[in-house]
Amino acid sequence: MTPARLNRVIAWSLLVFLVAPALIAIPVSLTNKTYLSLPWDGISLQYYREVFSSPEWVSSFFQSTVIGLTSAALATIVGTLAAVGLWRLSSRWGEVVRGLLLLPLVIPPIIAAMAFYRLYVPLGLIDSYTGLILAHSVLAAPLVLITVGASLAGFDRRLEQASRNLGASAAQTLWRVILPSIRPGVISGAVFAFIASWDEIVVTLFLSKFTVYTLPRRMWNGIRENTDPAVAAAAVILLGVTFAAFLIWGIAQRRARRAQGTT
Amino acid sequence: MSRIQSLNPAWLLVAPLLALVAVMFAGPLLNILWLSFTDPEPGIANYVALVEKTSLQKLLWTTLRVCLITTVLSVALGYSIAYAMANVAEASRQRMMLFILISFWISVLVRTFSWIMLLGRNGLLNNGLIEAGLISQPIPFVRNELGVLIGMVHYMIPYAVLPILAAMQGIDGRVLQASRNLGASPAQTFWRVYLPLTKPGIIAGALLVFILSLGFYITPAIMGGGKVLMVAEYISVQILVTLKWGTAAMLAVLMLASVLGLLYVLSRFMKLSAALGGGRT
């Protein structure tokens, strides 16, 4: 075997190593034992039944969905507006501000959690939906800024000028000319923002107590105590939703590419 | 004409996000900086403790050691993946990229939980080995530094791959041909031409992994089982349990300063938006 071939084998093994371990939750969630084990002597759906009939798990699932969708919507709106604004400006100051707006991506989550905690205690926003949604939105908005920014880089400025010259207002131009052509970037951003909120845990650990209890928050408790296979079932559900979002993203990308090919 | 009138109206579109980031981050972060010098009493006592307290030194050393080992391993393994990706047909490369993307998308909590299921004391691997009669005592894979390293390297490899791959794809193939034509062996060409040409990618990947490792919380907290205390977990204990905001703020300032400093260095090797965009986008 040549070194290059050997490396290809190693690389593929590593890629499988990157993805495979997380899939172990699937067989474990189907066990018929009372402890974490593989379902060697029989498959059972009892832990899914347990998760779906437990008011706590159902409530967490519902809360995560609401917080994820709301944060994604908010992040997508402010992120898209900011991306279009910065694209229009295309000035040195604009680039400085863009750098500033991307900072939430690189600030360690623990420090973001601390910052929000400081801000929320006097405002009474700890353990509230508003607090968690605002926090998740500000963490996710930079993702939208990046995806929409990338879409805008491929947008022909003359279309905007044409629209304005033909008498459309700035708002009309934004809504009817710019937005439709950057839709793939907006959709990608929205999907990323949803997932970022959906599986966010560090900030949630600091900002939630009793009232707000998202799916990752409840799983965190399950992992730290003596783990029962219901947590594996919850993990599979969490992953399942993430991958559904991933599929939506993939389909949107493919469509966009095909649309580009035909024009 | 006044300044206000000359302001480009496009700033109005940027304003909502700018305001959100300013209120949620800028204000509270300044407050944390302030706290680090004033809590429990004004002065630099919190920072002096870094030199005086051996517990804090041990904490910093553990964090640094774990982050450095994670960086070296992630970059080495990431290089192997990137090399394979740079030298296969387009279809294979896309398939490999799909694996990288999927791995980016797997929740850190689910990953960590999976490792505990696989490698824990009563985990599937230990149980399997005991049933097979290969070992009599479970092997301690997790709840120690080994566990933390497994979890962190597993998470970080994709972040190392992307900058290195970008550097590899920028290499002009004719340089390698020239090296071969001039009589260098394939091994010589790799070590003396290819590897040096990918150095910017290696440095960028290493910096990115190191920066992200510094703030890691979930993986060390669970995989370390309380035995491998790193800065992020220590901060959370100070805030949520012992309520020592001064120490927590000092460590946060230190961590943030390191992250921003290293980001500045990283920005000299590659466009930051490219490095960050590599992540979940």
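The sequence lines fix the lettering, A, B, ..., with proteins before strands; numbering per chain opens at 1. Note that the coordinates shown come from a computational prediction; the quantities given were computed from them, not determined experimentally.
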Pair A/W220 and B/F113, ring centroids less than 6.0 Å apart:
no
Counting heavy-atom pairs under 4.5 angstrom with chain B, the leader among A/L205, A/V236, A/I110 is A/I110
Who wins among A/A25, A/A75, A/P104 for the most heavy-atom pairs under 4.5 Å with chain B?
A/P104
Can you tell me how far the CG atom of A/L103 sits from the CG atom of B/L263, to the nearest 0.5 Å?
7.5 Å
Any side-chain heavy-atom pair from A/D199 and B/L109 closer than 4.5 angstrom?
no
Give every residue pair that meets the salt bridge (charged side-chain N to carboxylate O under 4.0 Å, His left out) criterion with at least one member in residues 15-24 of chain B, sequence neighbours excluded.
none
Correct closest heavy-atom pair for B/V14 and A/L86 would be CG2-N, 3.8 Å
B/R121, CZ: over 12 other non-hydrogen atoms inside 6.0 angstrom
no
Looking at A/L15 and B/F99, what are the two nearest heavy atoms and their distance?
O-CD2, 3.5 Å
Side chain from CB out, backbone as N, CA, C, O: work out which of these in A/A113 comes under 4.5 Å of a heavy atom of chain B, or both, or neither.
neither
Within a strict 4.5 Å, meaning less than it, do heavy atoms of the A/L139 and B/F25 side chains meet?
yes
Select one option (side chain, backbone, both, neither) describing which atoms of B/L35 are under 4.5 Å from chain A's heavy atoms.
side chain
Any idea which heavy atoms bring B/I106 and A/A22 closest together, and the distance?
CG2-CB, 3.6 Å
Please identify, among B/N127, B/V231, B/V161, B/L118, the residue contributing the most non-hydrogen atom pairs under 4.5 Å to chain A.
B/L118
How far apart are the C-alpha atoms of B/L256 and A/I107, what are their side-chain angles, what is the distance that settles it, and do they pass the side chain to side chain contact (heavy atoms under 4.5 Å, CB included) test?
CA-CA 7 Å; B/L256 195 56; A/I107 291 179; 4.1 Å; yes
Hey, does B/M96 have a side-chain heavy atom less than 4.5 Å from the side chain of A/W12?
yes
So what's closer than 4.5 Å to chain A heavy atoms on B/A248: side chain, backbone, both or neither?
both
Non-hydrogen atoms of B/S80 and A/N7 that approach each other most closely:
OG-OD1, 2.7 Å
Flag the one option from B/L212, B/L29, B/L240 with the top tally of heavy-atom pairs under 4.5 Å to chain A.
B/L240
Using non-hydrogen atoms and a 4.5 Å limit, figure out which bit of B/L12 sits close to chain A: side chain, backbone, both or neither.
neither
Would you mind checking which part of A/A245 comes under 4.5 Å of any heavy atom in chain B, side chain (CB onward), backbone (N, CA, C, O), both or neither?
neither
Between B/V259 and A/I111, is any pair of side-chain heavy atoms under 4.5 Å apart?
no
From A/E200 CD over to B/S107 OG, what is the distance, rounded to the nearest 0.5 angstrom?
10.5 Å
About how many Å separate CE of A/M114 and CD1 of B/I235, when rounded to the nearest 0.5 Å?
5.5 Å
Which residue is it: A/I10, A/L14, A/L18? I am looking for the one with a side-chain contact (heavy atoms from CB on, under 4.5 Å) to B/L77.
A/L14
Give, as side chain, backbone, both or neither, the part of A/L74 having an atom under 4.5 angstrom from any heavy atom of chain B.
neither
Going from CD1 on B/I116 to CD1 on A/I24, what distance comes out if it is rounded to the nearest 0.5 angstrom?
13.5 Å
Mind running side chain to side chain contact (heavy atoms under 4.5 Å, CB included) on B/Y217 and A/I201 for me, showing each step along the way?
CA-CA 10 Å; B/Y217 175 54; A/I201 174 68; over 6 Å; no
Counting heavy-atom pairs under 4.5 Å with chain A, which one of B/Y83, B/F216, B/W115 comes out on top?
B/W115
Spatial distance of atom CH2 (A/W93) from atom CG (B/N8) [nearest 0.5 Å]:
14.5 Å
For A/A112, which atoms come within 4.5 Å of any heavy atom of chain B: side chain, backbone, both, or neither?
both
Please step through side chain to side chain contact (heavy atoms under 4.5 Å, CB included) for the pair B/V23 and A/V138, ending with a clear verdict.
CA-CA 10 Å; B/V23 170; A/V138 77; over 6 Å; no
Choice from A/L134, A/L100, A/V231 maximising heavy atom contacts with chain B below 4.5 Å
A/V231
Give the member of A/A82, A/G79, A/A150 that has the highest number of heavy-atom pairs under 4.5 Å with chain B.
A/A82
How about A/Y117 and B/W245: do any of their side-chain heavy atoms sit closer than 4.5 Å?
yes
Please test B/L124 against A/V28 for side chain to side chain contact (heavy atoms under 4.5 Å, CB included), starting from the C-alpha separation and ending with a verdict.
CA-CA 10 Å; B/L124 301 171; A/V28 169; 4.0 Å; yes
When B/A26, B/P28, B/G215 are compared by non-hydrogen pairs under 4.5 Å with chain A, the top option
B/P28
Please verify the inter-ring angle class for A/F17 with B/H154; under 30° counts as parallel, over 60° as perpendicular, anything in between as tilted.
perpendicular
As an exercise, state the distance from CD1 of B/I222 to CD1 of A/I223, rounded to the nearest 0.5 Å.
4.5 Å
Quick one: what part of A/L238 sits under 4.5 Å from any heavy atom of chain B, side chain, backbone, both or neither?
side chain
Are B/N31 and A/L119 side-chain neighbours, meaning at least one heavy-atom pair lies under 4.5 Å?
no
Report the option among A/L145, A/L174, A/L81 that has the most heavy-atom pairs separated by less than 4.5 Å from atoms of chain B.
A/L81
Side chains of A/V144 and B/L17, heavy atoms from C-beta outward: is any pair under 4.5 Å?
no
Minimum heavy-atom distance B/P16-A/V78, with the two atoms named:
CB-CG1, 3.9 Å
Heavy-atom side-chain proximity of B/W11 to A/R88 below 4.5 angstrom:
no
Near A/R157 CZ, under 6.0 Å, is it more than 12 heavy atoms from other residues, nucleotides or ligands?
yes
